[in-house]
Amino acid sequence: MSQNDTRGRVAGPGSPSWQGRPAGHTTGSTATGTRSNGTTSRAPRGTSAPRALTGSGALDALALVVMLGAAIVGFGPAWGSTAYLLPAVGGMVLGLGVAWLGAWRRWGTLSVAAAAVLVYVLLGGPFALPGTTVAGVLPTLDTFRGLLLGAVTGWKEIITSVPPLQSFPELGGVPFLLLFVAAIVAGTIAWRARDAQWALVPVALTFVAVILVGTVEPALPVVQGLVLVVVGLLWGAWRATEARLGEHQVTTEASLAATRRLRWHRARGGAAMLALGGVAAVLLVPVLTPDAERTVLRENVVPPLDLHEYVSPLASFRKYAKEMTEDELFTVEGLPSGARVRLATLDAYNGVVYDVSSGGAGSGSGVFTRAGDQIATAAKGTPTDLTVTIGDYRGVWVPDVGSLAGIVYQGERAEDLGSTTYYNSTTATGVVTAGLRPGDSFRLDAIVAPAPSAEDLQSSRILDEKLPRSINVPDSVAGKAAQFMAEETDPVVQLENLKNGLVASGIFSSGLETQLPSRPGHSAERIDTLLADDEMIGDDEQFAVALALMAQSAGIPARVVMGFYPPETWEEGTPFVATGADVHAWVEVPFEGYGWVPVDAIPEEDNKIEPEPKSDQVPKPPVLEDPEPPEEPADAEAGTVDDEEKKDDAESSGFDWGQAALVAVAVAVPLILLALPLLLIMAFKSRRRKRRREAERPVDRISGGWREVLDAATDLGSPVAAGATRREGAGALSASFPAAAAPTVTLARTADAQVFGTGDPSPQEVESFWSEVDAVLTGMRSTLPRGQRLRAAVSLRSLRGARRSWLPVRLRPARQPVRSARTPAAGPVTKPGDK
């Protein structure tokens, strides 16, 4: 009787399954050969050559290389060069190599995973991180560290770095690891699984992953899609046809020829249909989706750069203007005439300070992403090379000009500065978290646009750009704006009136000895006091903030910029040595065709203010007396953190828990990722056992218990031949596991008695049977070493060759009539003990 026959059918000499078998033939597949009747049989799975060594296996490899190669092309726009090919292709080749080796040697899951880890660590360096190796081949400690940390943090870095990514060689570990894992999984499924079409799943996931870590600009989307669809469907159909025809069928030469013709006919028909579909896709996709945009992570993920850790540079404006007027902060070589050096763009006002925002996509502030020697930009203007040398300036804000297309550091700190530089292309603001110091130098590849004339702006219009909403703005701002704008409704004219009103009503003073007294700061209280005075006394800091807030109250998008520009005595072609006296703040407003245009509102020092006619004055709205917000310290140094010295002392005196946590995560995450497949396998086997033991019919629980023993033997390396009866299986298991011989034979007899008995087994009998199953399993495993038992726990052998016999009857395919519960099969049935 069959080992998994729970339907009461007894295989005997008169049954169809025995017809045509020669004497002495045992159930199962036979070795390849030609029989006396002219038929041919295929070799059994256990004795035939692995598919990876056959010609069909070579075709599998070719299909995977073509499809994964199409996915690799998708890295092109993000990298900006062909530098991604070495790590990506190298990862694919090594991954297929590991999968092929595991298929050839018939390794288990644990062995394949171990081989993958070794190959990744030992051979990943020359492909992913060649710059850290010796002679481009031998790995170093930096190579091991880069590969292990890159597997954890590389995914974050690749989506928070400004393309092109060729500026960051350490990111090559991401395409290497992605293609390495995808090739291992796809190759293992293609060469070892019965349903090889599942190999298309990791291939498709690779396409999706490449898109997510790429840019909105596609590579060759139509070509990539056609390759995936055409090659994937043709290869999947071919493997499905092979599976349906079977690997153990008995055939004649005529049937073999018919099978070849059928395969060729299907291949031609499928190729023709796919060719027509490809042509239709090429012609229709651009028409149906002309403006379709891809969803990529870098456009939706805000990098973890916390700008609140750094003091707003505008808080240090008066320090530069009053205390560092003669200090040489930095030198810029190659500065064009009319260009300005930007320190930071400020677009978030909270009533205390105007600060730099990193609000993320959709806020109008852009995002800060890692920047390197090449930065993708769509800015229009004149390419300009500038060299900046730091003097007395200290801080995290990078002095830059125009829109950056690249930044290259020089000197001893070049590596530290380059790895900690972030750039916001929306606000043209750069941050280097390592901090700039005297002696640092860097080269800027900038795009500088010429400044539009007043006539150009008068004929243009102001764009509606989204900016973070200012909060805690004094009510006097709207009142003063209404007074200056009068009855004008054109935003361009309104902006001009606001600027002229401040210039005409203000007196410039930075609080120097030769100037009128002037308080620093730009809090809500300071701006309210400025606008309330008949003589508005202040400098760029106060007037720029006041102009920006008044413009915003009129619905005009405006932001404040702090930076430096040369005095009128400076000559173009000579280095610009920026001192504290050259510090300025201005407002930027977006104009159609010109982008963000600077607008100055700087009154004269000796401005003769005439009182405004009473008829032109607009009463100021009542102002609620709120508690005065704290002022930012006037002498705060840009880019520093409060109590920095205390923080450094605390960090140096105690254990660095943050570093310890980073090391723990770097070690634990790869181990968890490696252990996850093994845990899933064990969880699936546990669920399989539970479903067998809790099957709906008691007879299914009995046969499921015997199936559990057979699967355990398969995982332990001693499978029972397919089609063997339970008693034949018990004999084979007794030879393989002598320590469990007697319980196994008893268990087989009990299973036969319960399955083919006249009544349903009681719950007590089922529980007793499963107790015997557990005893047999314990005896089988006790004879083997610990390592073999662990490998069996995560083995896929029983899952690959699993039949549906353990499922309840209602879930089985209804190929043959199912006997009603406990009714005897046709023909005499001999129960154990009968003579």
Side-chain angles (χ1 to χ4, degrees), residues 80 161-162 164 166-169 313 320 324 326-345 368-377 379-425 427-451 561-584 598 638-639:
S161 299
V162 179
Q166 63 173 342
S167 303
F168 313 104
Y320 288 119
M324 306 178 68
E326 302 297 331
D327 293 353
E328 296 182 357
L329 302 176
F330 54 84
T331 302
V332 181
E333 299 179 21
L335 184 69
S337 177
R340 305 185 180 200
V341 180
R342 182 191 308 265
L343 198 61
T345 299
F368 283 86
T369 52
R370 285 189 59 193
D373 57 2
Q374 292 191 31
I375 301 174
T377 179
K380 297 180 180 179
T382 304
T384 307
D385 290 331
L386 305 101
T387 301
V388 180
T389 304
I390 302 300
D392 294 330
Y393 171 77
R394 290 175 179 268
V396 300
W397 310 103
V398 179
D400 61 57
V401 180
S403 297
L404 293 189
I407 179 170
V408 179
Y409 290 94
Q410 302 164 351
E412 298 179 354
R413 303 182 65 226
E415 184 176 353
D416 292 338
L417 295 175
S419 62
T420 58
T421 297
Y422 296 81
Y423 184 69
N424 187 333
S425 59
T427 61
T429 302
V431 176
V432 54
T433 58
L436 293 173
R437 303 174 185 172
D440 292 337
S441 178
F442 51 90
R443 184 179 60 82
L444 297 178
D445 182 9
I447 306 297
V448 181
V561 178
M562 177 181 169
F564 301 80
Y565 53 78
E568 295 180 356
T569 58
W570 174 77
E571 297 181 1
E572 185 179 4
T574 61
F576 166 49
V577 181
T579 64
D582 299 318
V583 66
H584 293 282

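Computed over heavy atoms, backbone and side chain alike; hydrogens, waters and symmetry mates excluded.
Of the inter-residue distances, the one linking Arg342 atom CZ with Leu404 atom CG reads 9.5 Å to the nearest 0.5 angstrom. Taking OG1 of Thr421 as the reference point, atom CG of Asp373 lies at 11.5 Å (rounded to 0.5 Å). Here the CE-OG1 distance, from Met324 to Thr579, works out to 9.5 Å after rounding to the nearest 0.5 Å. With rounding to the nearest 0.5 Å, the separation of CG in Asn424 from CZ in Phe368 is 4.5 Å. Remark: Leu329 CG to Leu436 CG distance equals 12.0 Å, nearest 0.5 Å. Distance check, rounded to the nearest 0.5 Å: OH of Tyr393 to OG1 of Thr331 gives 14.5 Å.
At a threshold of 4.5 Å between non-hydrogen side-chain atoms, the residues Val332 and Pro399 do not count as touching. Between Met562 and Val583, the closest side-chain pair of non-hydrogen atoms falls below 4.5 Å. Counting heavy atoms from C-beta outward, Thr429 and Trp397 have side chains that approach closer than 4.5 Å. Looking at heavy atoms from C-beta onward, Tyr422 lies out of side-chain contact with Thr369 at the 4.5 angstrom threshold. Side-chain atoms of Asp385 and Asp445, non-hydrogen and from C-beta on, do get closer than 4.5 Å to each other.
Shown here is Glu415, whose CD atom has no more than 12 heavy atoms of other residues, nucleotides or ligands within 6.0 Å.
Closest heavy-atom contact between Glu333 and Pro575: CG-CB, 4.2 Å. In terms of heavy atoms, Tyr423 sits closest to Gly402 at OH-O, 4.2 Å. Taking every heavy atom of both residues into account, Ala379 and Ile447 meet most closely at O-CG2, 3.8 Å. The two residues Ala339 and Pro566 make their nearest non-hydrogen contact at O-CD, 4.1 Å. Considering all non-hydrogen atoms of both residues, Ser403 and Thr377 come closest at CB-OG1, 4.2 Å. Of all the heavy atoms in Thr384 and Gly334, the pair that sits closest is CG2-O, 3.7 Å.
In this structure a side-chain-to-backbone donor-acceptor pair under 3.5 Å is missing from Asp416 to Arg413. Using modelled atom types, no side-chain atom of Gln410 and backbone atom of Ser441 make a donor-acceptor pair closer than 3.5 Å.
Exactly one of Phe576, Tyr320, Tyr565 qualifies for a side-chain contact (heavy atoms from CB on, under 4.5 Å) with Asp582. That residue is Phe576. Phe442 pairs with exactly one of Val398, Asp400, Thr387, Leu386 by the side-chain contact (heavy atoms from CB on, under 4.5 Å) rule, that one being Val398. Here the rule is side-chain contact (heavy atoms from CB on, under 4.5 Å) with Leu335, and of Thr574, Val401, Val448, Val388 only Val401 fits it.
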